[in-house]
Amino acid sequence: MTISERINKIYRLLYKRYGPQGWWPGDTQLEYILGAILTQNTSWKNVEKAINNLKKSNLISIDKLKLLTTDELAQLIRSSGYYNQKALKIKNFVTFITENYNDSLENMFDEDIHVLRNNLLNIKGIGPETADCIILYGGNKAIFVIDTYTYRVLSRHGLVPEQTSYNEMQELFMDSLNDDPQIFNEYHALLVKVGKEHCKKRSPICAGCPLEKDPHTV
Ligand code: SF4
């Protein structure tokens, strides 16, 4: 079986066991984007609290976020941890939208996907995983998101060496799968699910894992 065939097989096995994951939780594109920034180094529960705070104050809008100071924003998103840094990242993103896309997310997502990715990566504090989450979950555009769970599962299954770069791993998925944002969306969410339930950092629980029968090294 080729690597591409195994990548597809792993998707089928995960989907068969877990079904659709319903990612990304949220009501609007801006909410998805804020979630993508806030979720760095924290649990989703803490992100939800921060987003609910912004919602309660009716602040999920580019115009309203523009008017807040970084300190005011930091207090509202306190629950998400690293709140000063995250407030700065959100303010940087808002400035980026204003300067490049006339405050319009629609304009931003009309941009060519590769140009948009490069532009997002130029925002201070936005790395590849966050940029790709913004594009995939916020814009529903076909770009694959890589995270620590992806590395862990694929390396334990001998599909990539552990030191594979983010971009190399992303290429592997994008060359192997149909160019469909829905599949990219589900696959990333399913890898997170199996990573949390079975493929744990220190002691993987292979017994009963949906990927138990696929060759692995632990
Ligand atoms: S827990 Fe075991 S079988 Fe499951 S993904 Fe991790 S290494 Fe593979």
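Whatever order the structure lists ligands and atoms in, that order sets their numbers, starting from 1.
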Look at K9 together with E5 and state whether they make a salt bridge at an N to O cut-off of under 4.0 Å.
-> no
Look only at the side chain of E72 and the backbone of L68, and say whether a donor-acceptor pair between them is shorter than 3.5 Å.
-> no
Verify, without hydrogens or angle tests, whether T70 (side chain) and A87 (backbone) share a donor-acceptor contact under 3.5 angstrom.
-> no
Where does D214 meet ligand 1, judged by heavy-atom distances below 4.0 Å: at the side chain, the backbone, both, or neither?
-> neither
Would you mind listing which atoms of ligand 1 come within a distance below 4.0 Å of any non-hydrogen atom of L211?
-> 3 (S), 5 (S)
For atom 4 (Fe) of ligand 1, the protein heavy atom that lies nearest, with its residue and separation = C209 SG, 2.3 Å
Backbone, side chain, both or neither: what part of C199 comes under 4.0 angstrom of ligand 1, heavy atoms only?
-> both
Please confirm whether the backbone N or O of C133 pairs with a side-chain atom of Y32, one donor and one acceptor, at under 3.5 Å?
-> no
Under 3.5 Å, side chain of S155 to main-chain N/O of R152, donor-acceptor pair present?
-> yes
What protein heavy atom sits nearest atom 2 (Fe) of ligand 1, and how far away is it?
-> C206 SG, 2.3 Å
Give the single entry among H157, E212, H198, H216 that approaches atom 5 (S) of ligand 1 most closely by any heavy atom.
-> H157
Under the 3.5 angstrom rule, does the side chain of K141 hit a backbone N or O of F109 as a donor-acceptor pair?
-> yes
Would you mind checking which non-hydrogen protein atom is closest to atom 7 (S) of ligand 1, with the distance to 0.1 Å?
-> V218 CG2, 3.4 Å
